[in-house]
Amino acid sequence: MGAVDRRGPSRGAARDGRYLGAAVRIDQIEAEPRLAEAVLRDCASLTPEIDMKWDALQPGPGEWRTGPADGLVAFARQHGLAVRGHTLLWDQSTPAWVRARLERDPGDWSLVADYFKTVLGRYGAFVDEWDVVNEPIDTGVRDNLRATVFRKAYGPDYVARALHEARAHAPHARLVVNDYGFDYDNPVENARRAAFLRLLEDLKARGAPLDGVGVQAHLDLGKGPLKRELLAPFFSRIADLGLGIAITELDVKEHDLRGDVAERDRRVADHVQAYLDIALEQASVTGVTTWGLSDRHSWLQKQPVRPTASPAGLNRGLPYDGALTPKPVYWTIQQAMLDAKASPMLTNR
């Protein structure tokens, strides 16, 4: 691979206070000027939605497709924004050729080592924080680790090993484990919180270079209320381990798209308000990233959405509707960050 252009200053995460960010795609930013304007107005940090995942970067052995990731990094640097590295290891983004090779030769760590060396060598100067392992836990299974291709190939130590490998190539970056399903009072998520905390405690006890965690916060109106008595101790336990906490993939799934739009928007905003009231009380929470900015680009839509689609027909769980008009949840997020003495969205541009 060629080198990324290293010219120009980068301030991004150097801003005082907590940051606000969004998961984005450079092709959408380049195609839609209004989306680009929203990104520049509202974001201090960008997460590549798909373009830094393994199958996107290296679809074949020796085959590198870095154009989109390079473009996003260049865009961020041009405008002084931070970039979160998402993600080095994730079972669902593992290329088919890597899976096949690990099935033939389980235990061959050179695949991971070579990949980390190349990717961290290319982007490490521009990325302050990496999701090193994404979604490693499960419940009701051995070691509370999901039966991923990496767990099968390398055993239960693969998470710690990946963190050590990342540290070798990115000595100054914050290294993070990112996961979901911690938000509600039900048997599955209660067990997931406990399993995640056990993983973090084990990693810290073994001296793994873990600096923080990503809490995805894919909220769901169909799962009932958020309970402070469950979430606040969860955040506190993580902080007590000396770990930073990033809210990495915030959005809201509606359970009924048929109601009045104003009422739907109120429910979404109230739910996000309840979540941020709890999360932002914890000083170790470093920032909030929404998983997209516009409902039209949300992964929660059942199919690709045309620009002319009715905004009312979409899941309305992100700051902007499908027409890129800010919704009540936009202002809720802004105000929550301000109330927490955090950096506001960049409305002073």
Side-chain angles (χ1 to χ4, degrees), residues 12-21 44-45 47 82-90 116 120 124 127-139 143-146 156-183 189-218 228 230-250 275-276 278-289 337 340 342-343:
R15 290 165 48 82
D16 293 334
R18 289 159 165 156
Y19 65 84
L20 272 162
S45 172
T47 297
V83 178
R84 290 193 79 254
H86 179 81
T87 173
L88 291 171
L89 294 187
W90 184 36
F116 278 31
L120 293 171
V127 175
D128 297 321
E129 183 167 290
W130 286 92
D131 292 332
V132 178
V133 181
N134 193 49
E135 301 179 1
I137 67 164
D138 204 351
T139 57
D143 307 312
N144 289 312
L145 290 175
R146 188 180 300 277
D157 293 336
Y158 87 90
V159 178
R161 195 173 180 184
L163 290 165
H164 282 291
E165 188 70 47
R167 176 63 78 225
H169 304 293
H172 305 299
R174 294 185 298 277
L175 305 182
V176 170
V177 174
N178 189 52
D179 220 318
Y180 71 96
F182 307 130
D183 312 308
E189 299 195 32
N190 293 340
R192 286 184 61 82
R193 285 192 296 275
F196 192 58
L197 289 170
R198 284 195 293 272
L199 172 63
L200 302 180
E201 290 165 356
D202 178 67
L203 291 169
K204 293 295 289 184
R206 296 168 56 193
L210 178 67
D211 302 306
V213 302
V215 175
Q216 292 185 15
H218 289 296
R228 180 181 298 273
L230 298 179
L231 278 174
F234 175 67
F235 288 127
S236 294
R237 287 275 303 279
I238 296 171
D240 289 345
L241 292 170
L243 298 171
I245 304 166
I247 308 304
T248 55
E249 304 184 21
L250 177 65
Y275 184 84
L276 293 180
I278 301 167
L280 294 177
E281 282 184 347
Q282 175 51 249
S284 293
V285 172
T286 57
V288 176
T289 295
M337 299 292 277
S343 296

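Here, residue 1 is the first one in the sequence, and each next residue gets the next number. Worth saying up front: this structure is predicted, and the values here are computed from it rather than measured.
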Check whether any side-chain heavy atom of [X] lies under 4.5 Å from a side-chain heavy atom of [Y], and answer yes or no.
{"X": "Y158", "Y": "V133", "result": "yes"}
{"X": "Q216", "Y": "N134", "result": "yes"}
{"X": "T87", "Y": "E135", "result": "no"}
{"X": "N178", "Y": "E249", "result": "yes"}
{"X": "R18", "Y": "V285", "result": "yes"}
{"X": "R237", "Y": "R193", "result": "no"}
{"X": "L199", "Y": "N144", "result": "no"}
{"X": "D211", "Y": "R167", "result": "yes"}

Test side chain to side chain contact (heavy atoms under 4.5 Å, CB included) applied to V159 and L210, step by step: CA-CA 10 Å; V159 178; L210 178 67; over 6 Å; no
Could you give the distance from [atom1] ([X]) to [atom2] ([Y]), rounded to the nearest 0.5 Å?
{"X": "L243", "Y": "T286", "atom1": "CG", "atom2": "OG1", "value": "11.0 Å"}
{"X": "F182", "Y": "E189", "atom1": "CZ", "atom2": "CD", "value": "9.0 Å"}
{"X": "N190", "Y": "F234", "atom1": "CG", "atom2": "CZ", "value": "11.0 Å"}
{"X": "W130", "Y": "R84", "atom1": "CH2", "atom2": "CZ", "value": "10.5 Å"}
{"X": "T289", "Y": "L20", "atom1": "OG1", "atom2": "CG", "value": "8.0 Å"}
{"X": "E165", "Y": "L88", "atom1": "CD", "atom2": "CG", "value": "10.5 Å"}

Stepwise side chain to side chain contact (heavy atoms under 4.5 Å, CB included) check, F116 with V132: CA-CA 10 Å; F116 278 31; V132 178; 4.1 Å; yes
Test side-chain contact (heavy atoms from CB on, under 4.5 Å) applied to V213 and D179, I245, T248, L241, the passing residue: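 Looking at D179, I245, T248, L241, the match for V213 under the side-chain contact (heavy atoms from CB on, under 4.5 Å) is I245.
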N/O donor-acceptor pair under 3.5 Å between R146 side chain and P136 backbone: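 No, R146 side chain to P136 backbone: no donor-acceptor pair under 3.5 Å.
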Cationic N near anionic O, under 4.0 Å, D128 to R174: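 No salt bridge links D128 with R174.
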Parallel, tilted or perpendicular, as decided by the 30° and 60° cut-offs, for the rings of Y275 and F235: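 Rings of F235 and Y275: perpendicular, over 60°.
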